[in-house]
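Below, chain A is the first sequence line, B the second, and so on; all start at residue 1. A quick note: this is a predicted structure, and the numbers were derived from the prediction, not measured.
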Number of protein chains: 2
Amino acid sequence: MTFFTEQPVTSADKTFFQLRKDIVEGAILAGSKLSETELSTKYAVSRAVIREAINRLEASHLVERKANVGARVVTLTPEGLIELYQVRESLEGMAARLAAQNMTDSEIADLQSLLNSHFEKVQSGQSYYQEAGDVDFHYRIILGSKNKHLISMLTDGIYHLVRMYRVQLGMSGPRVTTAFDEHKHIVQAICNRDAELAEMLMRRHILYSKSSIESKLLS
Amino acid sequence: MTFFTEQPVTSADKTFFQLRKDIVEGAILAGSKLSETELSTKYAVSRAVIREAINRLEASHLVERKANVGARVVTLTPEGLIELYQVRESLEGMAARLAAQNMTDSEIADLQSLLNSHFEKVQSGQSYYQEAGDVDFHYRIILGSKNKHLISMLTDGIYHLVRMYRVQLGMSGPRVTTAFDEHKHIVQAICNRDAELAEMLMRRHILYSKSSIESKLLS
DNA sequence: CAACCCTAAATTGTCGACAAAGTAGAGTAA
DNA sequence: TTACTCTACTTTGTCGACAATTTAGGGTTG
């Protein structure tokens, strides 16, 4: 899984990645205020790099900022998660459609072997699948779309927010085996170069996830 | 058309808006380098606010930046425009679907009266329709989706890029009367609360635009 | 002549200090 | 008591200077 090629070069990069990690994983609580002076002492950098990091976090929709007042970590709401999945349905559906058109044969072969390795894990009872495997699968299709804007929106934006929700609302639940079948059918559609079907299946796949989450949230 | 409620408060805001305008409208050429010192003298602000403005431009995908090297205005390519329209098809399709579910009756009524005013203009031969009217129509539906992420992605991101392409590639062309009919049908679907159809019609509408542009680019 | 290295200039990245805006609290008047 | 105002303090916004990196040019060497 050598996807995350984004590696920090400047001090602001490192601070941004660190802050993003802390926010997504809940080390910095949702809704809490991000004090520039406080963070600059905590991370041992100047306020300028903290400001740049916060600006990037704002662009990622992980924090909200009011002029002359400050920045706060976004507060998570069930409605927000629903909205996020609506966007995912739309964008990843299109990603699957484009992947069916634009992935190379060898990329598709890789995707299938990835699926096989997942199959073995699922069969041997490792429900570990969920987190890493699921993300890996979706990433490959997103990248397979070869659409720069689509890739950036999903990997730089949406996915960190989704992960923040998952971590903080304790969503590392089931939907393992059924999700695997859905993945299988999506790959099959891509392999057949059936763009229409690939999009439809991906949209359903994400709709199912949404429903599963909704029922859990309302309980 | 009182949509653009974003009004600058800090100096960095103003500089960002000004720079964005200059880039989108071509006063700053595509592909050109953005020198921080140069811009700071030109706009009479410190380098810090220029840097913040450039960071935001980067988040908008209007400039690309390399660490320790600098920022350049993105270069426009026909492929890039195609990719942009693929994202638009996906996101605005979803926006139309959600608008059919979430717009209030009075908002829909407003949308219809807007369409009527466009109809009069088109009939009286003002092909002025294209630019302002078309954008206005699409904005209302986007806002009607009531989905924060969707709205932000389209209005803060995609639309400025689309406008940059339109301006710089000289795309203020025809597709006036047919586009009007398409708009009419979309509104009808929304009025009938037919989410499925609204999405489908919006996607087709954008696909047609894409085709129209493609044929023009390849000529 | 080409390739490499080294130096100097220019540009970006980072820092600390000052200016401006917002916030909280005490005090006063109705 | 309540509401308002003024003041002191905290926090964010902006600035100029310094540090680090890249880039361009000349010079040397094979």
What nitrogen or oxygen pairs link the protein and nucleotides 6-9 of chain C at under 3.5 Å?
none

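- B:Glu58 meets the salt bridge (charged side-chain N to carboxylate O under 4.0 Å, His left out) test with no other residue; sequence neighbours excluded.
- Contacts of A:Tyr159 classified as ring pair (Phe, Tyr, Trp, His ring centres under 6.0 Å), with partners at least two apart in sequence or in another chain: A:Tyr139.
- Considering only residues two or more places apart in sequence or on other chains, A:His61 meets the side chain to side chain donor-acceptor pair (under 3.5 Å) condition with B:Ser152.
- Put simply, CD on B:Glu38 is 13 Å from C1' on C:dA10, counting in whole angstrom units.
- Regarding B:Lys66, its NZ atom lies at a distance of 13 Å from the C1' atom of D:dT23, rounded to whole Å.
- Evaluation of the side chain to side chain donor-acceptor pair (under 3.5 Å) rule for B:His160 yields B:Arg20 as partners, not counting sequence neighbours.
- Counting only distance, with no hydrogens or angles, the side chain of A:Glu83 and the backbone of B:Lys148 share a donor-acceptor pair below 3.5 Å.
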Produce the list of close N/O pairs, under 3.5 Å, pairing protein atoms with atoms of nucleotides 14-16 of chain D; give distances to one decimal.
residue : atom : partner : partner atom : Å
D:dT14  : OP1  : B:Ser11 : N            : 2.5
D:dT14  : OP1  : B:Ala12 : N            : 3.4
D:dC15  : OP2  : B:Ser46 : N            : 2.8
D:dC15  : OP2  : B:Ser46 : OG           : 3.0

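- When the C1' atom of C:dG13 is taken as reference, atom CZ of A:Phe16 falls 17 Å away, rounded to whole Å.
- As a whole-Å value, the separation of A:Ile54 CD1 from D:dT11 C1' is 12 Å.
- Put simply, CG on A:Leu34 is 20 Å from P on D:dT10, counting in whole angstrom units.
- Taking the centre of each ring, A:His183 and A:His205 come in below the 6.0 Å mark.
- For B:Lys33, no side-chain nitrogen or oxygen approaches OP1 or OP2 of C:dA10 to under 4.0 Å.
- In this structure A:Glu89 satisfies the salt bridge (charged side-chain N to carboxylate O under 4.0 Å, His left out) test together with A:Arg203, sequence neighbours excluded.
- Looking at residues two or more places apart in sequence or on another chain, you find no side chain to side chain donor-acceptor pair (under 3.5 Å) involving B:Arg72.
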Taking only distance into account, with no hydrogens and no angle test, what donor-acceptor pairs under 3.5 Å do side-chain atoms of residues 27-35 of chain A form with protein atoms, sequence neighbours excluded?
residue : atom : partner : partner atom : Å
A:Ser32 : OG   : A:Leu29 : O            : 2.6
A:Ser35 : OG   : A:Thr37 : OG1          : 3.3
A:Ser35 : OG   : A:Glu38 : N            : 3.3

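- When heavy atoms are screened at a 4.0 angstrom cut-off, A:Ile50 is found touching no nucleic acid atom at all.
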Table of protein N/O atoms under 3.5 Å from nucleotides 20-23 of chain C N/O atoms:
none

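- Remark: P of D:dT23 and CZ of B:Arg72 are 11 Å apart, rounded to the nearest angstrom.
- Applying the salt bridge (charged side-chain N to carboxylate O under 4.0 Å, His left out) test to A:Arg88 and every residue at least two apart in sequence or in another chain returns A:Glu92.
- For B:Ser113, there are no side chain to side chain donor-acceptor pair (under 3.5 Å) partners, not counting sequence neighbours.
- Atom CD in A:Glu58 sits about 10 Å away from atom P in D:dG13, given to the nearest Å.
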